[in-house]
2 protein chains.
Amino acid sequence: MVTIYDIAKQANVSAMTVSKVINNTGKISEKTRSRIKKIMEEMNYVPNSMARSLVLQETKMLSLLIPDITNPFFTTLARGAEDAAMRLGYKLLFGNSDESLTKEKEYVDMILSTRVDGVLFSAASDLSGPHLQTLRLHRIPFVLLDRAVPGHECDTVTGDSREGARKLVEHLISLGHRRIALVNGSLAVSTARDRLAGYNDALKLNDIAVDDTLLLESNYKHFEDGPLLRSMLELPDPPTAVFAGNNFLAVGLIRKLLELGVRVPEQMSVVCFDDLGASVIDPFFTVASQPAYQFGAMGIQLLVDRIKGATTPEWKKIVLPSELVVRSSSAPPPAE
Amino acid sequence: MVTIYDIAKQANVSAMTVSKVINNTGKISEKTRSRIKKIMEEMNYVPNSMARSLVLQETKMLSLLIPDITNPFFTTLARGAEDAAMRLGYKLLFGNSDESLTKEKEYVDMILSTRVDGVLFSAASDLSGPHLQTLRLHRIPFVLLDRAVPGHECDTVTGDSREGARKLVEHLISLGHRRIALVNGSLAVSTARDRLAGYNDALKLNDIAVDDTLLLESNYKHFEDGPLLRSMLELPDPPTAVFAGNNFLAVGLIRKLLELGVRVPEQMSVVCFDDLGASVIDPFFTVASQPAYQFGAMGIQLLVDRIKGATTPEWKKIVLPSELVVRSSSAPPPAE
DNA sequence: TCAATTAAGTTTATCGATAACCCCAATCTA
DNA sequence: TAGATTGGGGTTATCGATAAACTTAATTGA
């Protein structure tokens, strides 16, 4: 590889002079400057960012850790982060933890040794706490995305899950539903707890008693509780609507319902959090739509501000609203 | 940050001794070894991979450039690449070119300055040639994924698009269709040309004349030619089936058909390349399903072999078959 | 028993780039 | 016209880790 020294030799100057030309610092005559630039082009010189990072003590790289690279919510978020990072002169190192703590730990180790300047962290669950501790211990700035981790105060960009959930459930109630099930992600994830809280809010506001038999805890990657769903449907007073904790849960749920011969929305309404992206033929779900792209973009902004110290010491907490989008997966309950 | 020198001082040994402990090289007594290891843990030492890369002249990082991070085909491919890379001890730097040459060039520049050990490259189009030249000039090994670039011999992992397309179209023909339209990606992309070729093969094999008015060139990200579709439908002898070049084209196409009041598959059959991933409620499309995960995994394997010189000089060309999966988007043509 | 090994470390140079400081001649200034 | 300034550049040390060569003391072998 061509180095700064090769250029220097060719141009009959010192390496320092070349460095100054590259960085536009110091005093260099216009003549030498253009001569050196020409030689750099001819020799296809590209600065070695490793060497530069070593002395400057910054890599201009940020890391984005997401729990599910196949979920459109997170890929859209990733695009937002990527665009923002590029615009601010940073590269983005993606990581996909697959909702697994083990994989997440491997990524954290990698992040440390790569000496990225900061991390955008969408935690696998509350148990990610130690990983955040590790980052803090090494003084690597980070911003939590989408999911909060109790006991870890820091900059965050989250959605208003509680409010979004309330709106979804009140929408169902306004359609006439009284028996509403909740198929949720793991309660070890903050958004799942918030969505549960919003669900409870809506029921309380409308004087509907919470019935634990209608609550089902699965996980955000796949809907996994077919048997429980079945027994729920066999209840003397079965639900007429389901609120699914996220998009993939809703998809899994509907697949199961189809298998069981339950028609949506005629026999069962289904609503959920998060859109399904471009890969869906017929926007079908009534959803609380979150601005995924903004999550990423604002997260990067916050992170870079923090890295540059261009912000106040207090932790910034950005809460993005979600929008209720009514489509055809929700309808009034079947007549008795 | 804690360095190897801090550890050395604490342990009363030279930095080199610590380095040897880290890398398990040289002769170090078991006593000193464990003492140093303990100190490293206590001080939370993490090796600086920049410094290491600088001297070793390798980064243990690979780069994966994909054209559309929102497409399930590519995210699945990315997961395959990620898993394989991790398994082989490499980190993966993702890049998303968004099918744009400009963005692609930015990534190539970044790749060069980051000194990654190799690149998995899914080219935006044939016009990506110069970018490959740049990589070659700097002697960075690369493997082309999914899309070939004419005039650039190298290791590749591609799908058998031609054969897959033929199977899809012959499936339609076997259902009784004779007027079959092709809604394709840009012909500047090799897969689109191969799929066109497969389409032609199928027609020829079945003595059906190719009709240019049934050919529509769009792009793989979104279906964009509503007007042309409309006029195609108003032909005296309109198509009864459409072969879409990829999953997103099929989705866009069906949305348009729904708008126009054309029912699928009753009035129009639709088949396409590539699955739609987990985000789809009801697997609906008849597709040529490609092993996306394998694309990524085998690409990494090929790349690492090439980097390590553990392969013969000839270019390896892996062609993965696709599988015809018949579902409900295809049916016999409507009766006259 | 004495040279030859070996075990266990240490010293020095290096990767590529940059910060901080130094140097010299030309120009300016009072 | 002597001293100060400045334009244009060079020297040296440094970032953190490692390879290669070098020390020493202990052990081995014939």
Side-chain angles (χ1 to χ4, degrees), chain A residues 1-37 39-40 43-61 109-117 138-140, chain B residues 1-37 39-40 43-61 109-117 138-140:
Chain A
M1 275 286 199
V2 179
T3 75
I4 209 173
Y5 295 95
D6 302 324
I7 306 292
K9 188 180 291 175
Q10 196 69 23
N12 257 310
V13 295
S14 74
M16 202 55 227
T17 305
V18 178
S19 171
K20 284 173 181 165
V21 168
I22 294 170
N23 297 290
N24 257 307
T25 55
K27 300 169 193 299
I28 306 290
S29 73
E30 197 41 57
K31 216 175 97 190
T32 341
R33 178 183 304 279
S34 60
R35 186 162 53 92
I36 291 179
K37 282 196 167 169
I39 294 178
M40 290 198 301
M43 298 183 71
N44 297 299
Y45 170 75
V46 180
N48 183 324
S49 63
M50 302 289 144
R52 176 179 265 158
S53 302
L54 196 55
V55 51
L56 293 184
Q57 301 283 48
E58 63 165 15
T59 56
K60 285 286 180 185
M61 287 201 227
D109 289 345
M110 176 192 116
I111 281 166
L112 292 178
S113 83
T114 311
R115 301 293 198 268
V116 299
D117 297 340
H138 290 273
R139 307 195 183 299
I140 302 197
Chain B
M1 275 286 200
V2 179
T3 75
I4 210 172
Y5 295 95
D6 301 324
I7 306 292
K9 188 180 293 175
Q10 197 68 25
N12 257 309
V13 295
S14 73
M16 201 54 225
T17 306
V18 178
S19 171
K20 282 176 180 160
V21 169
I22 295 171
N23 297 291
N24 256 307
T25 55
K27 300 170 194 298
I28 305 291
S29 73
E30 197 42 55
K31 216 176 95 190
T32 352
R33 178 183 304 279
S34 60
R35 185 162 52 95
I36 291 178
K37 281 197 168 168
I39 294 179
M40 290 198 300
M43 298 184 72
N44 297 300
Y45 170 74
V46 180
N48 183 324
S49 64
M50 303 288 144
R52 176 180 266 158
S53 302
L54 196 54
V55 51
L56 293 183
Q57 301 283 47
E58 64 167 13
T59 56
K60 286 286 179 183
M61 286 200 227
D109 288 347
M110 176 192 116
I111 282 166
L112 292 178
S113 84
T114 311
R115 301 293 199 269
V116 298
D117 297 340
H138 290 273
R139 305 191 185 298
I140 302 197

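Everything numeric in this text was worked out from a predicted model, so none of it was measured.
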To the nearest Å, give me how far apart [atom1] ([X]) and [atom2] ([N]) are.
X     : N      : atom1 : atom2 : answer
B:R52 : C:dG16 : CZ    : P     : 18 Å
B:N48 : C:dA17 : CG    : P     : 17 Å
A:E30 : D:dG7  : CD    : P     : 14 Å
A:K31 : D:dG7  : NZ    : P     : 18 Å
A:Y45 : C:dA17 : OH    : C1'   : 7 Å
B:I4  : D:dA19 : CD1   : C1'   : 13 Å
B:L56 : C:dG16 : CG    : P     : 12 Å
A:K60 : C:dA17 : NZ    : P     : 18 Å

Nearest listed nucleotide, side chain of [X], among [options]:
X     : options                : value
B:K27 : C:dA7, C:dA17, D:dG7   : C:dA7
A:A51 : D:dA17, C:dG16, C:dT18 : C:dG16
A:T32 : D:dG9, D:dC15, C:dA8   : D:dG9
A:V13 : C:dG9, D:dG10, C:dT18  : D:dG10
B:Y5  : D:dA17, C:dT11, D:dG10 : D:dA17
A:S19 : C:dA17, C:dT18, D:dG10 : C:dT18
A:V55 : D:dA17, D:dT14, D:dG9  : D:dT14
A:T3  : C:dG9, D:dT18, C:dG16  : C:dG16

- Item | Nearest non-hydrogen partners of B:I28 and B:T17, listed with the distance | CD1-CG2, 3.6 Å

- Do you know the tightest heavy-atom contact between A:K60 and A:D117?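 Taking every non-hydrogen atom into account, N-OD2, 2.7 Å.
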
- Should B:S29 be listed as having a side-chain N or O under 4.0 Å from OP1 or OP2 of C:dG9?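 Yes, B:S29 has a side-chain N/O under 4.0 Å of OP1/OP2 on C:dG9.
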
- Query: Using a cut-off of less than 4.0 Å, is there contact between a side-chain N or O of B:Q57 and OP1 or OP2 of C:dT14?
  - Reply: no

- Message: Categorize A:T17 for me: base, sugar-phosphate, or nothing, with a 4.0 angstrom heavy-atom threshold over every strand shown.
- Response: sugar-phosphate

- Item | Whichever of A:M16 and B:M16 has its nearest DNA chain D nucleotide further upstream toward 5' |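 Here A:M16 is the residue nearer the 5' end.
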
- Query: Is there a donor-acceptor pair under 3.5 Å between the side chain of B:S49 and the backbone N or O of A:S113?
  - Reply: yes

- Query: Do any N or O atoms from the side chain of A:T3 and from the backbone of A:Y5 form a donor-acceptor pair under 3.5 angstrom?
  - Reply: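 Yes, A:T3 side chain to A:Y5 backbone: donor-acceptor pair under 3.5 Å.
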
- Item | Donor + acceptor pair across side chains of B:R52, B:N23 (<3.5 Å) |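 There is such a pair between these side chains.
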
- Item | Presence of donor-acceptor pair under 3.5 Å, side chain of A:K20 and base of D:dG8 | no

- Query: Out of A:D6, A:I39, A:V18, A:I22, which residue meets the side-chain contact (heavy atoms from CB on, under 4.5 Å) rule with A:Y45?
  - Reply: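 Going through A:D6, A:I39, A:V18, A:I22 one by one, the side-chain contact (heavy atoms from CB on, under 4.5 Å) with A:Y45 is satisfied by A:I22 alone.
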
